[in-house]
Amino acid sequence: MKSEPNEYSIDDLKRDRVAPWVGVRNYQARNFMRDEMRIGDLILFYHSSCENVGIAGIGKVSSEPYSDATQFERRGKYYDPKATKEKPRWMLVDIRFVKKFKRVIPLQELRQEKPLQNMITLRPGNRLSITAVTENEFQHIEGLI
DNA sequence: GCCAACGTTGGC
DNA sequence: GCCAACGTTGGC
């Protein structure tokens, strides 16, 4: 799960302990949270669009999917005029802090790892903010720390 | 700031 | 349903 650290970083999650993953406005990413994730699933927290791009730590899905409150905030940047309380368009899950890595594992380094060469988020041109990680990929990444 | 690669919108 | 125009993401 990607986040821009100047918006919301692994340190912010560590401080808050649990946070709703607000602001996803892409249907594929939404569907991932709404349909695929289960409570207890581990997630990799990725820092994007920043000085040290890469994986910063681990979180855990800690709620069922529910409506993203920011879609109704008229003055907020995540406001969606087409969403209604009866028919919310954007769903999210809560993410709980698990751990912060001792270092951010750089994107460049991830790209050089053979066992990660098929990782969805590393594919050229991928912009999706939430993508699947296989068990093997996850374990390999934990081994890089 | 540039630009590739998408995703979305809206006219037809 | 098609597709041009436009907007966004995100690495560099």
Side-chain angles (χ1 to χ4, degrees), chain A residues 1-16 18-37 41-63 65-145:
Chain A
M1 298 179 86
K2 296 182 194 171
S3 181
E4 299 186 17
N6 46 353
E7 291 281 326
Y8 199 82
S9 72
I10 190 77
D11 290 314
D12 294 323
L13 185 61
K14 184 175 184 181
R15 178 199 62 214
D16 297 340
V18 181
W21 202 260
V22 299
V24 168
R25 294 295 179 267
N26 169 284
Y27 290 108
Q28 270 182 275
R30 177 205 66 184
N31 293 350
F32 216 93
M33 291 196 281
R34 189 188 62 186
D35 306 331
E36 312 280 338
M37 289 184 172
D41 286 351
L42 296 177
I43 66 100
L44 295 166
F45 196 119
Y46 180 94
H47 282 178
S48 65
S49 298
C50 60
E51 209 163 318
N52 296 310
V53 168
I55 300 172
I58 295 175
K60 189 201 284 197
V61 176
S62 69
S63 77
Y66 64 100
S67 168
D68 181 340
T70 63
Q71 69 195 299
F72 308 120
E73 293 170 1
R74 278 186 172 278
R75 274 169 237 296
K77 63 190 262 197
Y78 297 127
Y79 179 62
D80 183 345
K82 291 184 181 158
T84 63
K85 304 255 177 181
E86 296 72 36
K87 273 200 163 178
R89 186 183 276 204
W90 304 108
M91 307 289 281
L92 53 70
V93 294
D94 286 343
I95 298 296
R96 175 176 293 276
F97 177 78
V98 173
K99 75 162 92 164
K100 177 185 175 180
F101 292 160
K102 289 194 206 91
R103 66 189 183 104
V104 174
I105 305 172
L107 177 59
Q108 274 194 328
E109 182 177 336
L110 297 170
R111 288 200 190 284
Q112 285 165 10
E113 294 292 320
K114 274 269 158 57
L116 303 180
Q117 63 186 356
N118 293 321
M119 205 172 160
I120 296 169
T121 200
L122 301 183
R123 287 181 191 166
N126 175 70
R127 298 181 308 156
L128 201 55
S129 66
I130 303 178
T131 51
V133 180
T134 68
E135 187 100 36
N136 283 342
E137 288 161 355
F138 196 97
Q139 283 169 12
H140 186 77
I141 287 163
E142 283 191 297
L144 296 175
I145 303 156

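Please read these numbers as outputs of a predicted model, since none were measured by experiment. Naming: A, B, ... by sequence-line order, numbering from 1 per chain. Side chains included, hydrogens not; waters and symmetry mates left out as well; all remaining heavy atoms used.
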### Message
Could you work out how much the helix from B:dG1-C:dC12 to B:dC12-C:dG1 bends, comparing the axis of its first five pairs with that of its last five, to 10°?
### Response
10°
### Pairs where residues 134-145 of chain A contributes a residue and the test salt bridge (charged side-chain N to carboxylate O under 4.0 Å, His left out) is met, not counting sequence neighbours
none
### Query
What pairs meet the salt bridge (charged side-chain N to carboxylate O under 4.0 Å, His left out) rule with one or both residues in residues 20-35 of chain A, with sequence neighbours excluded?
A:Arg25-A:Asp68
### Task
Quick one: which residue pairs count as a ring-ring contact (aromatic ring centres under 6.0 Å, His included) with a foot in residues 85-126 of chain A, not counting sequence neighbours?
A:Tyr27-A:Trp90
### Nucleotide B:dC6, atom P - distance to CG of A:Asn26 in whole Å
12 Å
Distance-only check: which donor-acceptor pairs under 3.5 Å involve side-chain atoms of residues 104-113 of chain A, not counting sequence neighbours?
{"unit_1": "A:Glu109", "atom_1": "OE1", "unit_2": "A:Arg103", "atom_2": "NH1", "d": "3.0"}
{"unit_1": "A:Glu109", "atom_1": "OE1", "unit_2": "A:Arg103", "atom_2": "NH2", "d": "3.4"}
{"unit_1": "A:Glu109", "atom_1": "OE2", "unit_2": "A:Arg103", "atom_2": "NH2", "d": "2.9"}
{"unit_1": "A:Arg111", "atom_1": "NH1", "unit_2": "A:Leu122", "atom_2": "O", "d": "2.6"}
{"unit_1": "A:Glu113", "atom_1": "OE1", "unit_2": "A:His140", "atom_2": "NE2", "d": "2.7"}

## Note on the structure
Residues passing the side chain to side chain contact (heavy atoms under 4.5 Å, CB included) test with A:Asp12, sequence neighbours excluded, are A:Tyr8, A:Ser9, A:Arg15
### Task
Please tell me if the side chains of A:Ile58 and A:Phe45 come closer than 4.5 Å, counting only heavy atoms from C-beta onward.
no
### Summary
residues 86-97 of chain A vs salt bridge (charged side-chain N to carboxylate O under 4.0 Å, His left out), sequence neighbours excluded, gives A:Asp80-A:Arg89
#### Entry: Under the ring-ring contact (aromatic ring centres under 6.0 Å, His included) test, residues paired with A:Tyr46 that sit two or more places apart
none
When you compare the protein's N or O atoms with those of nucleotides 9-12 of chain C, which come within less than 3.5 Å of each other, and at what distance?
{"unit_1": "C:dT9", "atom_1": "O3'", "unit_2": "A:Arg127", "atom_2": "O", "d": "3.4"}
{"unit_1": "C:dG10", "atom_1": "OP1", "unit_2": "A:Lys2", "atom_2": "NZ", "d": "3.2"}
{"unit_1": "C:dG10", "atom_1": "OP1", "unit_2": "A:Arg127", "atom_2": "O", "d": "2.8"}
{"unit_1": "C:dG11", "atom_1": "OP1", "unit_2": "A:Tyr46", "atom_2": "OH", "d": "2.6"}
{"unit_1": "C:dG11", "atom_1": "OP2", "unit_2": "A:Ser49", "atom_2": "N", "d": "2.9"}

